[in-house]
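One structure is given below, encoded as structure tokens.
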Amino acid sequence: MLEIWVRDAISDVLRSYLKDIGQENDIATLLPKGIRLEFPKKEGFGEISTPLAMHLSPLLKISPRKIAETLSPALASFPLFRSVDIAGPGYLNFTFSEESIRETLRKILDPHSDLVVPEEGKRRILLEFVSANPTGPLHVGHGRGAAYGDALSRVLKAAGHDVTTEYYINDAGNQMEMLGRSTCLAWRKLQRTVSESEETDFLKGATPYKGDYIREIAQEMIDTPGLLSVEEARAALDPEAPESSYLSRFTEFSQDRIMDGIREDLRQFGVPFDVFFSEKVLHEKKEGEGSDAISRWIGRIREASADAREHSVPDVYESDGALWLRTTVLGDDKDRVLLRSDGRLTYFAADIAYHALKMERGFDVLIDVWGADHHGYIPRMDAAVRTLSRLLDRPVEFRVALIQLVSLVRDGRPVSMSTRGGEFVTLREVLDEVGNDATRFSYLTRSHESSLEFDLNKAKERSMDNPVYYVQYAHARVKSLLRQADARGLPIPSVWTAADLESLGEPAERDLVRFLDRFSMIVNDVSRSLEVHPLTEYLTDLAGRYHHFYFHHRILSQEPQDRSLTFARIALSVAVGRVLEKGLGLLGISAPDVM
RNA sequence: GCGCCUGUAGCUCAGUCGGAUAGAGCGAUAGACUUCGAAUCUAAAGGUCGGGGGUUCGAUUCCCUCCAGGCGCGCCA
């Protein structure tokens with residue numbers, strides 16, 4: 001709130017200043033990036049400051065010092081401030097009044113306030129994340145996407161948006177058949193020996209999915225009577241029998257089992273999804289050839305092709321017997337095939353239909369969370385969405401968050417991982433070993449755009465190496481303090497008055513209040529930038545500040561003359577507890593009362 | 001070869017769309033529990049911000065170039 005109040009005060013004063021000096025342009029024109037506010041780390045530069053005068057100086061052809069000198073008296077007259085100082089080349093450094101600080105704390109304590117100021121312009125957002133292929137259990141890389149996407153969805157909701165979370169199941173295409181063959185092969189091997197040549201023939205030279213989970217699924221198929229008819233079982237054992245007579249059984253069963261496992265992993269991790277969207281749906285032909293969603297959307301784009309060209313949006317053309325989308329007009333490296341020369345649709349075509357449906361469902365922001373190895377896919381998808389946007393005459397914001405790699409470290413050594421080889425560490429294993437809260441926190445301490453080193457030993461440690469406990473401890477500490485206050489017969493009001501906060505005022509207390517006040521801004525920044533880690537960092541910082549304060553200040557005093565101060569400090573602690581709880585909640589991490 | 005990400009303290013990383021003396025944790029060093037929870041706190045140490053140019057009153061931040069690492073460049077998904 002303080003930040004907003006300061007901004008308003010400056011705008012107010014600046015507006016009349018510009019008028020006085022005969023400046024035609026308004027603030028928005030002069031300062032397209034807005035009025036910059038800073039939170040000086042060092043003492044002596046005020047509690048909040050702005051380099052505004054330096055920014056205006058070249059535009060107004062007036063020295064920054066002079067601008068600052070004109071603005072500062074007007075600003076100083078606001079009850080918001082205790083003082084406004086000019087420093088250095090022309091910084092305006094503000095110090096808040098006691099009333100401002102108390103009012104800020106009162107707002108944080110207000111049980112009816114949300115702690116986060118909603119953003120202007122509520123938007124309908126579809127947030128798609130994880131979307132791992134159902135060919136194996138979730139591994140630690142997926143876990144990062146899950147933790148990130150879930151936290152982001154909570155933040156976006158807190159910022160006032162209407163968010164739907166979605167998991168796209170890539171359950172169509174030849175990788176699914178490969179999965180079926182992999183299970184079938186394991187199934188055969190459980191019943192008889194399989195020669196190398198038979199294996200190679202069967203797999204058509206490709207590498208199968210391996211790993212215990214494939215064998216377990218195969219075993220389950222053997223153990224469950226009735227899954228395969230006698231004919232199907234006989235055919236599946238016979239290398240000469242046509243694949244079509246049995247393979248789909250293996251494919252479907254494997255996929256269902258794996259998807260069940262993924263859902264269970266996500267449930268255990270505390271990552272709910274509003275929608276699981278199956279790619280298969282896009283391929284369904286309810287009314288004969290060409291009636292599937294993909295064909296229909298490709299058809300529509302094709303029809304609008306001439307119009308597209310006029311508007312510099314990709315058009316569709318035929319070449320080498322295939323159908324292409326001219327994505328290069330929007331910056332892609334090369335044009336992309338929609339319909340292959342053999343008549344089969346590409347994955348890209350399916351993705352276009354999928355995103356078209358997202359738009360048709362009424363979302364105005366589409367956020368896709370992808371693994372960093374898909375970054376080459378962004379230009380074509382972006383081109384596709386813009387094509388669809390033009391086609392549907394609907395403005396849509398499309399954003400992709402790329403999640404960089406996670407490398408696991410155990411005992412100081414990297415743990416090697418490869419999905420196909422079945423040699424990977426699953427999310428489940430990490431959760432069982434490290435626990436939910438520590439796992440999520442570890443994932444969210446770094447920018448998603450940086451590769452992450454996940455140290456299993458450190459994630460389990462209960463030290464500052466693993467700040468989740470540091471933050472949770474601060475929360476538990478507040479709760480413990482309140483229990484102690486209660487035991488001593490100190491009533492804790494549900495609504496705090498300005499009088500309760502009367503004794504608040506020493507720098508350490510002011511600093512805490514001002515820091516608490518920044519919470520909303522941090523959350524709003526996350527919502528805009530899609531960078532979640534500043535919130536994690538903020539909470540660690542806040543916890544540290546509270547621990548520091550706690551260590552150096554007696555909060556519950558027995559002396560009668562300290563009663564007012566005791567109340568003020570309890571209020572401050574309650575506020576810290578509220579913000580920690582809210583912040584941890586946004587990250588999907590628990591805020592325990594006792595540890 | 002082209003594109004994207006990354007390069008900041010011994011290690012892992014922050015660094016507010018260009019701002020004041022570049023920050024934090026870990027590790028290593030030295031300390032603090034008779035009082036609200038020591039899963040905490042305190043002190044001091046640690047830097048050519050990968051190298052070199054440029055733009056600017058001001059560059060870790062923007063531009064160019066070089067070096068190093070990761071990833072991606074299919075009518076695969």
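Every chain is numbered from 1 and lettered A, B, ... according to where its sequence line falls, protein lines coming before strand lines.
- Considering only heavy atoms from C-beta on, A:Phe549 stays 4.5 Å or farther from A:Val576 through its side chain.
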Kindly give the atom pairs (protein nitrogen or oxygen, nucleotide nitrogen or oxygen) under 3.5 Å for nucleotides 41-44 of chain B.
unit_1	atom_1	unit_2	atom_2	d
B:rC41	OP1	A:Tyr470	OH	2.4
B:rC41	O3'	A:His548	ND1	3.4
B:rC41	O2'	A:His552	NE2	3.3
B:rU42	OP1	A:His548	ND1	2.2

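- Annotation: the span from A:Thr135 atom OG1 to A:Asn170 atom CG amounts to 9.5 Å, rounded to 0.5 Å.
- Salt-bridge formation is not detected for the pair A:Glu284/A:Lys280: no Lys NZ or Arg NE/NH1/NH2 atom is positioned less than 4.0 Å from an Asp or Glu carboxylate oxygen.
- Side-chain proximity of A:Tyr550 to B:rA20, B:rC36, B:rG15: nearest is B:rC36.
- Closest to the A:Arg36 side chain, of the nucleotides B:rC75, B:rC17, B:rA77, is B:rC17.
- For the pair A:Asn93 CG and B:rA20 C1', the interatomic distance rounds to 9 Å; values are reported in whole Å.
- Nearest heavy-atom pair across A:Pro379 and A:Asp332 is CB-OD1, 3.6 Å.
- Considering only residues two or more places apart in sequence or on other chains, A:Arg399 meets the salt bridge (Lys or Arg N to Asp or Glu O under 4.0 Å) condition with A:Glu397.
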Item to check | Heavy-atom protein contacts under 4.0 Å, nucleotides 67-72 of chain B, coded B base, S sugar-phosphate only, - none | outcome: ---SBS
Check: residues 33-40 of chain A side-chain donor-acceptor pairs under 3.5 Å, at least two apart:
unit_1	atom_1	unit_2	atom_2	d
A:Arg36	NE	A:Glu38	OE2	3.3

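- A:Ser49 comes within contact range of at least one nucleobase, with a heavy-atom separation under 4.0 Å.
- Listed nucleotides B:rC36, B:rG37, B:rC13 differ in distance to A:Ile555; the shortest reach to its side chain belongs to B:rC36.
- Counting any heavy atom pair closer than 4.0 Å across all strands shown, A:Ala172 reaches sugar-phosphate atoms only and no base atom.
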Considering only nitrogen or oxygen atoms on both sides, find all protein atoms under 3.5 Å from nucleotides 58-60 of chain B and state each distance.
none

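- Not counting sequence neighbours, A:Glu581 has no partner by the salt bridge (Lys or Arg N to Asp or Glu O under 4.0 Å) test.
- The separation between A:Glu177 atom CD and B:rA77 atom C1' is 13 Å, rounded to whole Å.
- For RNA chain B, the neighbouring residues in residues 556-569 of chain A, judged by any heavy atom under 4.0 Å, are A:Leu556.
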Between side-chain atoms of residues 52-67 of chain A and protein atoms elsewhere (two or more places apart, or another chain), which donor-acceptor pairs fall under 3.5 Å?
unit_1	atom_1	unit_2	atom_2	d
A:Ser57	OG	A:Ile62	O	2.8
A:Ser63	OG	A:Lys66	N	3.2
A:Arg65	NH1	A:Gly88	O	2.9

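- Distance CD1 (A:Ile352) to P (B:rC75): 14 Å, rounded to an integer number of Å.
- When heavy atoms are screened at a 4.0 angstrom cut-off, A:Ser480 is found touching base atoms of the nucleic acid.
- For A:Tyr538, the ring pair (Phe, Tyr, Trp, His ring centres under 6.0 Å) test picks out A:Phe515, A:Phe519, with sequence neighbours left out.
- Of the candidate nucleotides B:rG37, B:rC76, B:rU6, B:rC76 has the atom lying nearest to any side-chain atom of A:Asn174.
- Judged as a side-chain hydrogen bond (donor to acceptor under 3.5 Å, both in side chains), and not counting sequence neighbours, A:Ser341 has no contacts.
- Considering only residues two or more places apart in sequence or on other chains, A:Arg554 meets the side-chain hydrogen bond (donor to acceptor under 3.5 Å, both in side chains) condition with none of them.
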Next on the checklist: Taking Watson-Crick (N1-N3 plus N6-O4 or O6-N4) and G-U wobble (N1-O2, O6-N3), each under 3.5 Å, can you produce the dot-bracket string of RNA chain B? Use [ ] for crossing pairs and | for inter-strand ones.
Outcome noted: (((((((..((((.....[...))))..((((.......))))......(((((..]....))))))))))))....
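- Using a 4.0 Å cut-off between a side-chain N of Lys or Arg and a carboxylate O of Asp or Glu, A:Asp486 and A:Arg483 do not qualify as a salt bridge.
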